[in-house]
Number of protein chains: 2
Amino acid sequence: MSKINIKYLAKELNLSISTVSRALRDSHEISGETKKRVFDLAKRLNYQPNSNASGLRGQKTKMIAVVIPDMVNDFFSLVISGIEKVTQEKGYHILLHFTHGDHELEVSFINTLASGRVDGVLLSMSSEDNDSHHLAELNSSGIPLVLFDRVSECVSNVKVTSDNHESSVLATHHLIEAGCKKIAYLQVHKNIPVGKVRMNGYLEALQQYSAQKVPLVLECTNDNDETFELIQKMLVAEKPDGVFASVEKLAVVCYRVCEKMRLKIPDDIKIISFSNLHTAALLNPSLTTITQPAFDIGETAAKELFNIINKKNRTLAGDNNNVVLQSRLIKRRSTARY
Amino acid sequence: MSKINIKYLAKELNLSISTVSRALRDSHEISGETKKRVFDLAKRLNYQPNSNASGLRGQKTKMIAVVIPDMVNDFFSLVISGIEKVTQEKGYHILLHFTHGDHELEVSFINTLASGRVDGVLLSMSSEDNDSHHLAELNSSGIPLVLFDRVSECVSNVKVTSDNHESSVLATHHLIEAGCKKIAYLQVHKNIPVGKVRMNGYLEALQQYSAQKVPLVLECTNDNDETFELIQKMLVAEKPDGVFASVEKLAVVCYRVCEKMRLKIPDDIKIISFSNLHTAALLNPSLTTITQPAFDIGETAAKELFNIINKKNRTLAGDNNNVVLQSRLIKRRSTARY
DNA sequence: TTTATTTACGGAAACGTTTGCGTGAAAAGA
DNA sequence: TCTTTTCACGCAAACGTTTCCGTAAATAAA
């Protein structure tokens, strides 16, 4: 066992525990000479402060929790990379937790965090949104919380999102301009704000720009095989000439369905999707995407969180506590005119 | 601030602190009636034990560290998902850390961990391998360590890997069977075992199955643009008819180069790659891959770690402490015969 | 010179748990 | 009835820090 603690250093140097502690924290109360002795020995013995002890005493754990649904798509991987860039700079660590879209898991984990395990929380919510009671409780525990992407309307915390509504309008408009007369919308997460907002963008764009009077919305599930069947049935029954996938994996499944049904993309059907797939350009055909600034979202959310942790209340967000970042529409072959 | 601690519960119930603590841990020393009173109040007040305090006292943090190079490919995302499945079951949490292939970062982080921040460590090493001194130190600190994928030969810890050598031979053989007369090998990480092992597989397969007497190895870098140039120059100069990418991202870059050079895959050149890309089947053309059991690797490594943490020394590994899982060669169009 | 201030350090409490030990009362055994 | 065991609980120490306080000595101000 590693027995090199402050007490040991103190004994070794004929100093008191408090002096060593202060020296290590570079306190002005300690003479330069003493500090140097302490630093040197600490380095020589590879002293590492016990984080539980300092966390217990000082309420500073040097850790933030990142709570996300899962990591099945490239979006969250990029977000985490962005978060990590910031935590790395700040000397912080990431406590990672997946909710798997299970609201109960989210609640129980958030509750766990309220006990002071971390200095702050970054959260992208699970599917259900009606109940944000646990977030209120976390807030009242005094632990800073920043939401990103899948946010809740019920709390007033800082939120970092992307311009889902405009992007969704833009995407739908792009399909219409490409000649689509009947556009299907593949949806999942209809209960969380981001899901609603994206669909509203689709609906509005139809009303505004298209002759298509009746929207075509397909509710998909979290099970890929099931979704495959659903999409196939829909394509057979409705024969849309455009598909707007609200999340990446639906586009992937849709590609598979089209392959099976021998539908030519983009000749028979055009596809656009919200996606951070880094292979989008290499797909067959290359996939037109609305690409969220995932890395930026993570980086921004982390910075906002540290602003709160460090009590600099200057936030990038305005009074409404919202930071909205721009997505990009990247046109590729899957929506080419012919 | 959340002030609901054991002391508060004790006062509220007219019990001593120790009794409450024991009741919460379901000790046999406490009567059923008292336990119930404690449980009920704890639940009602949403009591959450302070992890720093219990970590400090009992040396149990309910956290394991996962140290990986980064998350730019699907492999590590899947590994983490596998790990998370196990930690979820065990009620553990994941402390995530990226080394970005920087050996110094790895060392300093591992050192940090030696102070008891976590109950165990899962590590996939950064590029440099000559120095595993920090691992020895971690071992001597008594914190269980399991290595996976990018392992070191210098330590005797449990290691979970996949059959890189056989897979590499198989991949090369597959290209040869597909008719390739001149196969290039795209490599990075030449300093870590997994890199060496994979290349040896390529070299051996050439000797054994091919008329190609001189291997064609291209050293790539971590910078994609640089790698793009390198590959392009190599393709122009050497005109290979087959490419074996030792890691996923090299295959992706190679696809881009071929697109730019208007080389037809698989007609002009065939490509195979180690990869966990879930869109491999949808690429243009679909990419033949050696797919590692990434999720299994994560799951297995985590299970091995918990075996050690819980002192059940029954390991899946044999005496040599190695668990080797099978990869799969998935044949797709990028290596089709014509 | 005397007094006030600063400097540099030590003592000890506190953070919230866990756990070895002690103990009175009840139950069991003699 | 008396002794022994079991039961159910309380006391207090310990984990490694941080920090409030106190205090000698050194320095500055009077």
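The sequence lines fix the lettering, A, B, ..., with proteins before strands; numbering per chain opens at 1.
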| request: Let me see the working for B/Asn50 and B/Asn5 under side-chain hydrogen bond (donor to acceptor under 3.5 Å, both in side chains), right down to the final yes or no. | output: CA-CA 8 Å; B/Asn50 183 300; B/Asn5 51 26; over 6 Å; no

At 4.0 Å (heavy atoms only), tell me whether B/Ser54 reaches a base, stays on the sugar-phosphate, or touches nothing. sugar-phosphate

> Do the ring planes of A/Phe148 and A/Phe76 sit parallel (below 30°), tilted (30 to 60°) or perpendicular (above 60°)?
Replying inline: perpendicular

Separation of D/dT17 atom C1' from B/Leu56 atom CG, nearest Å, is 8 Å

_Given 3.5 Å as the limit, does a donor-acceptor pair link the side chain of A/Thr161 with the main chain of A/Val324, or not?_
no

In whole angstroms, the gap separating C1' of D/dT17 from CD1 of A/Ile6 amounts to 6 Å

note: A/Tyr8, atom OH; D/dT17, atom P; distance rounded to Å ~ 14 Å

Separation of D/dA13 atom P from B/Ile17 atom CD1, nearest Å, is 13 Å

Separation of D/dC15 atom P from B/Arg57 atom CZ, nearest Å, is 8 Å

Check the interface with nucleotides 6-9 of chain C: list each N/O to N/O pair with the protein under 3.5 Å, or write none.
unit_1 : atom_1 : unit_2  : atom_2 : d
C/dC9  : OP1    : A/Thr34 : OG1    : 2.6
C/dC9  : OP2    : A/Ser31 : N      : 2.9
C/dC9  : OP2    : A/Ser31 : OG     : 3.1
C/dC9  : OP2    : A/Thr34 : OG1    : 3.2
C/dC9  : N4     : A/Glu29 : OE1    : 2.7

Worksheet item: Is B/Thr300 reaching over with its side chain to a backbone N or O of B/Asp296, donor-acceptor style, under 3.5 angstrom?
Response: yes

Applying ring-ring contact (aromatic ring centres under 6.0 Å, His included) to B/Tyr92 and not counting sequence neighbours gives B/Phe306

Checking C/dC15, C/dT18, D/dT19 against the side chain of A/Arg25 (C-beta onward), the nearest is D/dT19

inquiry  = Main chain of A/Glu84, side chain of A/Thr87: is a donor-acceptor contact present, judged purely on distance under 3.5 Å?
reply    = yes

Please determine if A/Glu33 and A/Arg37 form a salt bridge, counting it only when a charged side-chain N lies under 4.0 Å from a carboxylate O. no

*Going through the checks in order, is the side-chain hydrogen bond (donor to acceptor under 3.5 Å, both in side chains) test met by A/Asp119 and A/Thr61?*
CA-CA 6 Å; A/Asp119 294 349; A/Thr61 64; 3.0 Å; yes

Taken to the nearest whole Å, CG/A/Leu9 to P/C/dG10 is 13 Å

Within residues 36-49 of chain A, the residues having a heavy atom closer than 4.0 Å to DNA chain C are none

Rounded to whole Å, NZ of B/Lys60 lies from C1' of C/dT19 at a distance of 14 Å

Atom CG of B/Leu24 and atom P of C/dT18 are separated, to the nearest Å, by 8 Å

> Less than 4.5 Å apart, any side-chain heavy atom of A/Val38 and any of A/Lys35?
Replying inline: no

Can you check whether B/Asn50 has a side-chain N or O nearer than 4.0 Å to OP1 or OP2 of C/dG16? no

